Amino acid sequence: MSETDPRRWKALVFIALAQLMVVLDATIVNIALPSAQQDLGISDGNRQWVITAYALAFGGLLLFGGRIADLWGRKRTFVVGLIGFAAASALGGAATGEAMMLGARALQGAFGALLAPAALSLLAVMFTDGKERAKAFGIYGAIAGGGGAVGLILGGFLTEYLDWRWTFFVNIPFAIVAAAGAYFVIREPAGGRNRSPLDIPGVILSTLGLVALVYGFTRAESEGWSDATTIGMFVGSAVLLAAFVLTEAKVKSPLLPLRVLTERNRGGVYLSLGLAVIAMFGLFLFLTYYLQVVKGYSPVKTGFAFLPMIAGMIVGSTQIGTRLMTRVPPRWLMGPGFLTAAVGMLLLTQLEIGTSYAGLILPAQLLLGLGMGTAFMPAMSLATHGVDPRDAGVASAMVNTSQQVGGAIGTALLNTIAASATTAYIADHAAGAASQGAQKLLQLQGMVEGYAAAIWWAVGILAVSAAIAVTLINTGKPETGVVAGSGSGEGAEDEVKIPVIAH
């Protein structure tokens, strides 16, 4: 696409809309789950599968989705993903029983795995000028970071005032508008396709390995870390993923060329972002429970209570990150960004039953949002830094995979830490709680102690993210020029422009 083509900004609107829909879906269903469970007669034991079916299909198929985008073309993959996601959402909203609901959620995850890498790689190949790229990824980063919190607000509204089914149906207009807009507006640059034959062993090994990993963490949350199946899943995942790496090193046309991972800047982004998402997802969960159970907030009020974090993310991403990205090296945005978020998280370790929202939770959320927004923005841009155009889809899939796996790990790991700390606190103080009122107070106090213990871990994880970003990411600030990509290799017939990175 030529630099002067005005339609790339219109294209960004539809790409951002699709990204918002996928990110919203990760949290919007959480709030609707109790009502859906009751209506459809889903047992407590199977309730988690409404979330897990989506996470497994999405996380397991992302690399495959990224490779399909490189093979079919990003625009076509993007539109097919949107239409499929809308159809799966309609099926979920119309679900009459448990099997139909779980099938719809798995289908949503599968089409989301096509959609997400195609969206990010379209941005990577359409915005080639340094300053424009910074703006485009600023908007995308704000949505990627803040969309989950928007899901909590929208989920609260739809569940409280309409019906849980609308948390599914709301995706349909998003998808139709984004698909129609993409079809008429997006013009993908010529070339940059990777028409090599599909690496079937790589697809099977990576999908099974990622599914086993995500399921292992999800199961650890409900059954514990010492459960035989949980351990079996982790061992199986390690074996499958090791076999996947060996396969990718040997086959002629790998699903995930190891050159995508071994470049230190991209590797640093995947690792630091995955760790940061562990901290973020755990926090969404704890704050939601704290505000609803301890503070007694309604779902809608809880959603609005997350607004300062969204505002912080938007400011951090579109103002701080975008304005500074062409002036300072990315690591000096990502490192301080993650540290600022860690300071916000540190404030939340002081949570108590009577904590003031305005005095502690609001400033903590603002710091978290500003820090994460500032760090996410260059991270999204660097995910495809210096990548061969024919690998843009699979490089984009890797950043989505690191976020998805990070989210699954974060929810399971921090939940387990919180639950253990709560149990220990209640056991230590049970003797002093004789009356019913005292016991209820002890339960709440135990919950808050558990959250604080887990949030301390999140602080440490964010500090490690900052250290990785500053240590591994060594690229200079992006220049405003463009350079023709080599496009060498099978299927990359035409020149494709990619950004110049100053070292």
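Side-chain atoms are counted along with the backbone in the values below, which use heavy atoms only and exclude waters and symmetry mates. Computed from a predicted structure; not experimentally measured.
Here the CD1 atom belonging to Ile310 is positioned 11.5 Å from the CG atom belonging to Leu366, to the nearest 0.5 angstrom. Within the model, atoms CG of Leu367 and CE of Met309 stand 11.0 Å from one another, a figure rounded to the nearest 0.5 Å. Expressed to the nearest 0.5 Å, how far CE of Met345 lies from CD1 of Ile461 amounts to 8.5 Å. Taken to the nearest 0.5 Å, the CD1 atom of Ile455 stands 11.5 Å off from the CD1 atom of Ile417. Distance check, rounded to the nearest 0.5 Å: CG of Leu61 to OG1 of Thr401 gives 10.0 Å. The distance from the CD atom of Glu352 to the CD atom of Glu449 is 8.0 Å, given to the nearest 0.5 Å.
In this structure, the side chain to side chain donor-acceptor pair (under 3.5 Å) partners of Trp164, at least two apart in sequence or on a different chain, are Asp39.
Ser465 places a side-chain N or O within 3.5 Å of a backbone atom of Ser272 that can act as its donor or acceptor partner. Side-chain atoms of Arg264 come within 3.5 Å of backbone N or O of Thr471 as a donor-acceptor pair. Under a 3.5 Å cut-off, the side chain of Tyr54 and the backbone N or O of Ala104 do not form any donor-acceptor pair. Judged by distance alone, the side chain of Arg105 and the main-chain N or O of Ala57 form no donor-acceptor pair under 3.5 Å. Side-chain atoms of Gln350 do not come within 3.5 Å of backbone N or O of Thr355 as any donor-acceptor pair. In this structure, the side chain of Ser402 does not engage the main chain of Leu271 through any donor-acceptor pair within 3.5 Å. Between the side chain of Tyr270 and the main chain of Ala395, a donor-acceptor pair closer than 3.5 Å is present. No donor-acceptor pair under 3.5 Å is formed between the side chain of Asn474 and the backbone N or O of Asn265.
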Item to complete: Check the pair Ile361, Leu351 against side chain to side chain contact (heavy atoms under 4.5 Å, CB included), reporting the backbone distance first and the verdict last.
Response: CA-CA 8 Å; Ile361 298 169; Leu351 274 184; 4.0 Å; yes
Worksheet entry | Audit row: Leu102, Val50, side chain to side chain contact (heavy atoms under 4.5 Å, CB included) steps and yes/no | CA-CA 6 Å; Leu102 298 182; Val50 177; 4.0 Å; yes
Practice prompt. Could you walk me through whether Phe338 and Met372 pass side chain to side chain contact (heavy atoms under 4.5 Å, CB included), step by step?
Written response: CA-CA 6 Å; Phe338 288 138; Met372 283 298 197; 4.2 Å; yes
Show me the donor-acceptor pairs within less than 3.5 Å that the side chains of residues 81-94 make with the rest of the protein, sequence neighbours left out.
{"unit_1": "Ser89", "atom_1": "OG", "unit_2": "Phe85", "atom_2": "O", "d": "2.8"}
{"unit_1": "Ser89", "atom_1": "OG", "unit_2": "Gln108", "atom_2": "NE2", "d": "2.9"}
{"unit_1": "Ser89", "atom_1": "OG", "unit_2": "Asn171", "atom_2": "ND2", "d": "3.1"}

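Classification of the His429-Tyr425 ring pair by plane angle, with boundaries at 30° and 60°, yields parallel. Classification of the Trp225-Phe234 ring pair by plane angle, with boundaries at 30° and 60°, yields parallel.
Side-chain atoms of Leu63 and Met398, non-hydrogen and from C-beta on, do get closer than 4.5 Å to each other. For the pair Leu158 and Asp163, the minimum side-chain heavy-atom distance is 4.5 Å or more. Looking at Val464 and Ile468, their side chains come closer than 4.5 Å, going by heavy atoms from C-beta outward. Between Val13 and Val185, every side-chain heavy-atom pair lies at or beyond the 4.5 Å cut-off. Under the 4.5 Å side-chain criterion, counting only non-hydrogen atoms from C-beta, Phe58 is in contact with Val22. Inter-residue side-chain proximity for Gln365 and Leu287 is flagged as met; some heavy-atom pair is nearer than 4.5 Å. Looking at Pro330 and Thr475, their side chains come closer than 4.5 Å, going by heavy atoms from C-beta outward. Using a 4.5 Å heavy-atom cutoff, the side chains of Leu114 and Phe78 are not in contact.
Within a 6.0 Å radius of OH in Tyr357, other residues, nucleotides and ligands contribute more than 12 heavy atoms.
Applying side-chain contact (heavy atoms from CB on, under 4.5 Å) to Met21 and the options Leu115, Val170, Val177 leaves one that passes, Leu115. With Gln443 as the fixed residue, the side-chain contact (heavy atoms from CB on, under 4.5 Å) test singles out one of Val293, Thr422, Ile426: Ile426.
With Tyr183 as the aromatic partner, Lys75 meets the cation-pi criteria of under 6.0 angstrom to the ring centre and within 45 degrees of the ring axis.
Legend: ring-ring contact (aromatic ring centres under 6.0 Å, His included) pairs involving residues 441-472, not counting sequence neighbours, sorted by first then second residue: Phe286-Tyr451.
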